[in-house]
Amino acid sequence: MQVIEDLKQAVHAAIEKAQEAGDFGAFAIPEIAVERPKDTTHGDYASPTALRLAKLARMKPRDIAETIIKHLAAPAAISEVTLAGPGFINFRLSNQYLHGLIEQMIGDETFGRTTQGAGKRAQIEFVSANPTGPITIGRTRGGVIGDTLARLMEAAGYDVTREYYYNDAGRQIQMLGESVQIRYLQELGQEKELTDDHYQGAYIRDLARELKAEHGETLSDSPADYFGDYAKSAISSQQKASLQRVGITHDVYFNENDLYSDGSLTDTLETLAQNGYLYEKDGAKWLKTTAFGDDKDRVAVRSSDGRPTYRVPDIAYHKNKAERNFDVVVDIFGPDHHAVAPQVLMGVQMLGYDTAFVHTLLHQIVNLIRDGVTVKMSTRRGNYVTLDELVDEVGPDAVRYFMIARSATSHVNFDLDLALAQSDENPVFYIQNAHVRCCGIFRKWVEAGLAADADTNADLSLLTHEKEIEFLRKAHELSEVIDNAVTQYEPHHIAFYAYDLAADFHPLYDACRVLNDSVPEDLRLARLRLYRAAQHLFGRVLDLMGMTAPERM
RNA sequence: GCCUCAGUAGCUCAAAGGAUAGAGCAACGGACUUCUAAUCCGUAGGUUGGGGGUUCGAGUCCCUCCUGGGGUGCCA
């Protein structure tokens, strides 16, 4: 990102100089744009500034560009400045700059890190499943998106808190307890049936069997609460274990019940009332969300049992987030939350807080495809595929990759056959194989009895092959990919980058051999250094995606 | 009805308001006594769902219509 900033300043300065020299008239210089051209033959960077200045300067874009170039003092990293097309100024990175990246990749485990989040604290809330069943693939997607974003934000300098909001009380746990109790009694041969409100999944029966195995028939008179307590703690630890399998962990587990016990909930309701956003109607208390653009007001406290709806603790929770003074809060929700999320933020505004620090990232659903057909799922009937089953079938790396390899706004079609395929169809292997190939070179090198560190002082200026330079260009992009992904809350960019990087690596591997007699010794050592850098870079990028970097396939 | 996401090559998907809309797969044609070919090279494939608008420039922004997913609870 530094190069872009340098270029912006250089162009700005060139325009100022042109104005001083009388080549341009007097006008306020607008913000300078520097971007990556889609077509890399145009260069590493391009500025369309001349096109945008046409009106202000009252000149033809190409003439403007020519004038800017005349006065331009290009940054050190740039070796070539050209005028092209309707008035683009194109820039190319120097080989010397690119060669300098090699030692950075090897020596710096945080290669590609940026500074946009330096000194800032971010909180990301994701997964947040209640302890009533296994982690589903929908939650998994949110989990992977959240964890990957967390890794990217850390790379961008943020101090990140990964947070999980859960609720192990209330009606749902009551139903959970009853479900296990009924299954337990069934195991003992009693005539009991679940109702539609109960949890139907096979895991309920598993828990009942565990209890029977451990306690025999001694629990037959135990209350549903006993079964509920047992089930929620068992399920909760299963959930954590499942998430851990794909590298997802949380720093903070925020229990919704604390909001009840510490008085936050009553405080919240009182403040809402004081501020005039709470009113009674039909025996319930209503939240005046229409004052913030909602199409109807929402119930805050039920008439039936006098208990708050989920909105109130959600609002209290977000007030709590506000009070913890994060610079950025990201909420990652599935599509079922799209209507709820704005209502919660309205509630927080009713309490007098600015909610600009909250970014809601809504992701779309995951469809599982097997044999080319969508697998039908229903959470209610317990007929769904869990994270554990998915990991068992395709492995953690494929789960991570396919969950993050789509923009969050797109549906994911998770193709089980593709994820399992050990062929060129499968991008997971394509990316990891780049790392494997680097490892292979060093393994062979050492096996041949050669010094493992022979590449330490290699003459990197010998790396002038087109493929070598292209790979280094792509390596240089990492920091920009990180910054973009974080700025736009779009972690999928790292997955596409990983693929592109591999797509620049494999041709390099083909064209630029190391352990081949025809390669001169000094070039061999330089390439060895390059592959060492590549190995580090793939390790780094795979880590940013929470994937492993295997040494062998 | 309202809200929301999407619609781009046969398929799965990319694309900071920039240049000739890109990848992969599938199809077709080539390349292995290999630093493991889980790879590489090449060919072909498009009116970015339709129609308007904004501007130097639109897949991208605005309006409108069509199609599909999801949500529309005093469940979370």
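Letters A, B, ... mirror the listed sequences (proteins, then strands); counts begin at 1.
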Handout entry: Greater than 12 external heavy atoms within 6.0 Å of A/Glu31's CD
Key = no
Handout entry: From B/G71, B/C2, B/C74, nucleotide with atom closest to A/Asp295 side chain
Key = B/C2
Exercise for the section: Rounded to the nearest angstrom, tell me the gap between atom CZ in A/Arg36 and atom C1' in B/A16. Expected result: 12 Å
Exercise for the section: Establish whether the base of B/G57 is bridged to the side chain of A/Arg52 by a donor-acceptor pair shorter than 3.5 Å. Expected result: no
Practice task
Give a yes or no on whether a donor-acceptor pair under 3.5 Å exists between the nucleobase atoms of B/A14, that is its base, and the side chain of A/Asp500.
Solution key: no
Problem - Interatomic distance at C1', B/G69 relative to B/G17, whole Å - result: 28 Å
Problem - Between B/A9 and B/A21 - C1' atom distance, rounded Å - result: 11 Å
Practice task
Check every strand shown and say whether A/Val436 touches a base, only sugar-phosphate, or nothing at a heavy-atom separation below 4.0 Å.
Solution key: base
Completion exercise
Of A/Arg406 and A/Val514, the one whose closest nucleotide on RNA chain B sits nearer the 5' end is A/Arg406
Handout entry: Pairwise C1' distance for B/G59 and B/G7, with rounding to whole Å
Key = 11 Å
Exercise for the section: Measure the distance from CZ on A/Phe496 to C1' on B/C13 and round it to the nearest whole Å. Expected result: 6 Å
Problem - Separation between the P atoms of B/C40 and B/A26, rounded to whole Å - result: 12 Å
Practice task
Classify the side chain of A/Ser303 and the base of B/C74 as holding, or not holding, a donor-acceptor pair under 3.5 Å.
Solution key: yes
Practice task
Test for a donor-acceptor pair under 3.5 Å between the base of B/C3 and the side chain of A/His338, counting only N and O atoms.
Solution key: yes
Problem - Under 3.5 Å donor-acceptor, A/Glu80 side chain and A/Asn90 backbone - result: no
Problem - Sugar-phosphate, base or nothing in reach of A/Thr409, heavy atoms under 4.0 Å - result: sugar-phosphate
Fill in the blank from the handout: Whichever of A/Pro507 and A/Gln364 has the more 5' nearest nucleotide on RNA chain B, that residue is A/Pro507
Handout entry: Nearest-angstrom distance, C1' atom, B/G45 to B/U12
Key = 16 Å
Handout entry: A/Phe88 ring over B/A19 six-membered base ring, under 5.5 Å and 30°
Key = yes
Handout entry: Residue A/His493, side-chain atoms from C-beta onward, closest of B/A15, B/C40, B/A76
Key = B/A15
Problem - A/Asp39 CG to B/A21 C1', straight-line distance once rounded to whole Å - result: 11 Å
Exercise for the section: Would you check if the side chain of A/Thr309 reaches a backbone N or O of A/Val299 as a donor-acceptor pair within less than 3.5 Å? Expected result: yes
Exercise for the section: Ignoring hydrogens and angles, tell me if any N or O in the side chain of A/Ser128 forms a donor-acceptor pair with the backbone of A/Tyr164 under 3.5 Å. Expected result: no
